[in-house]
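Source: prediction; values computed, not measured. Numbers restart at 1 for each chain; the letters A, B, ... are given by sequence-line order, proteins then strands.
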Amino acid sequence: MIEFSNYDIIRNLLIATQWTVLLSLAAFVGGISVALCLTAARLTKNPVLTGLIKFYVEVFQGTPLLMQMFLCFFGLSLVGLNISAWNAAVLSLTLFTSAFLVEIWRGCIDTLPKGQWEASRCLGLSFLQTLRYVVLPQAFKVALAPSIGFSVQVVKGTALASVIGFVELTKAGTMLNNATFEPFKVFAFVALIYFALCYPLSLTSKILEKKFNVSR
Amino acid sequence: MSLVNIHEVHKYYGDLHVLKGINLNIKAGEVISIIGRSGSGKSTLLRCMNGLEKYQKGGITVDGKEVTTEEIQVRILARSVGMIFQSFNLFPHLTVGENIMLAPTIVLKKSKQEAQETAKAMLEKVGLADKFDSFPEKLSGGQQQRVAIARALAMNPKVLLCDEITSALDPELVGDVLKVLEQLAKEGMTLVLVTHEMNFARDVGDRVVFMHQGKVWEEGPAKEVFANPQTDELKNFVNSVL
């Protein structure tokens, strides 16, 4: 039997961590893109569009991420789409992330006083100009802290991709545990690495929150 | 031909009948004060004049243009009608200068330099020439409101609508804002004010419109209306506020 030193365990975990980071980034970038489109659609105040978005948000916030991942991975292959574990993980995490971000951003845009829209209207700005020059710059500042705070949930959510066989940090931990029979040590390392990824994010979020609160 | 033409305007909020057949003509250069108790419909009427509120019956034209709430129409109107709000509504993420330059550059497509010159001239006019680079939050309420006036003036409007613009100010700051309005009135700007400043309405205004229960209850030359109210409602109102 091969002996695993601490160095071997950490080295292997760190290699797998790259995939956790990559998956988180892909999910976050994907989530932001989808959420931007949904937010724009919501702002048109078209009742059909807003209704659909509300339904979308409810579905993805109201079901476990793991079920969404299963449906993407197994469900799509059932209907004949051959989807890799990576693609299924990115897809489900993107949908999940966007559903939360669109809701966070809705709150941020709604906190802007109605007077900002009215003043823009009275100055002759179009809807898009109002968004571009008045609403989004202000909403962006407010949204930054909670959005980065939410990214912690995305990083932790990537752990579920281990269940559909994608080798990221958690899956690597499980495999190393099977080889070393030292669950406490291995999973402590795994947890530490997650913490090292997430803590800077939540710290950034807290600092930003303070910064923008002071200036108000 | 009057600058603002309001003909038989009715407005409902659901079942609530807030404007009940308003008729009002405003000539260029006139200073009109709309007074009345809260809930009499005066702010609603003002907000109907530039398409912020929909009215269900009747018609309003300003500078020959029909007033509707369609975005395109509102944008055309914005070139003739300026509005100032009780809550200033400056853009907090932009400096004073940027606040004033925003609409002239993106709506009127003026060059940055031209917009800057206008902005500086307007700030001079409201007595805040030194605040060009300040952010609104660093200014007092009275200063913010004067910036809002400068921002509206930079669009070169034919009529300025003022919706209780001194109501949110500390008493000692009201005077500065009223002074600016008085100056504008002297220069011939058409002003429509919804106001609780009765002294201002009487001394600077040309005409006073007293609104009650969604109707123009009484109107006439400012001094006469205050000195010699015809209806009991206006008498009571004048007594309660003066």
Using non-hydrogen atoms and a 4.5 Å limit, figure out which bit of B:Arg47 sits close to chain A: side chain, backbone, both or neither. side chain
Option in B:Glu71, B:Arg79, B:Met155, B:Arg75 with maximal non-hydrogen atom pairs under 4.5 Å from chain A: B:Arg75
Could you tell me whether B:Glu124 atom CD has more than 12 heavy atoms of other residues or ligands within 6.0 Å of it? no
Got a second to check how far A:Arg121's CZ is from B:Met83's CE, nearest 0.5 Å? 11.5 Å
Neighbour count above 12 (heavy atom, 6.0 Å) for B:Gln56 CD: yes
For B:Phe91, is it the side chain, the backbone, both or neither that has a heavy atom under 4.5 Å from a heavy atom of chain A? both
Within 6.0 angstrom of A:Leu78 CG, more than 12 heavy atoms from elsewhere: yes
State whether the number of non-hydrogen atoms from other residues, nucleotides or ligands found under 6.0 Å of B:Glu70 atom CD is greater than 12. no
How long is the span from the OG1 atom in A:Thr130 to the CG atom in B:Leu102, to the nearest 0.5 Å? 9.0 Å
Note, B:Ile106 side chain near A:Leu125 side chain (heavy atom, < 4.5 Å): yes
Side chain, backbone, both or neither: which part of B:Ile76 has a non-hydrogen atom closer than 4.5 Å to chain A? neither
Whether the side chain of B:His93 engages the backbone of A:Ala139 through a donor-acceptor N/O pair (distance < 3.5 Å, no angle test) should be reported. no
Answer yes or no: does atom NZ of B:Lys158 have more than 12 heavy-atom neighbours from other residues, nucleotides or ligands under 6.0 Å? no
Is B:Thr69 in contact with chain A via its backbone, its side chain, both, or neither, using a 4.5 Å heavy-atom distance? both
Counting only heavy atoms not in B:Asp130, do more than 12 fall under 6.0 Å of its CG? yes
Could you state the interatomic distance from SG (A:Cys122) to CG (B:Asn89), rounded to the nearest 0.5 Å? 8.5 Å
Got more than 12 heavy atoms from elsewhere within 6.0 Å of CZ, A:Phe74? yes
One option among B:Ser87, B:Gly82, B:Pro92 has the most heavy-atom pairs under 4.5 Å with chain A, and it is B:Pro92
Does B:Lys65, at its NZ atom, have more than 12 non-hydrogen atoms belonging to other residues, nucleotides or ligands within less than 6.0 Å? yes
Distance from A:Gln138 atom CD to B:Leu94 atom CG, nearest 0.5 Å? 7.5 Å
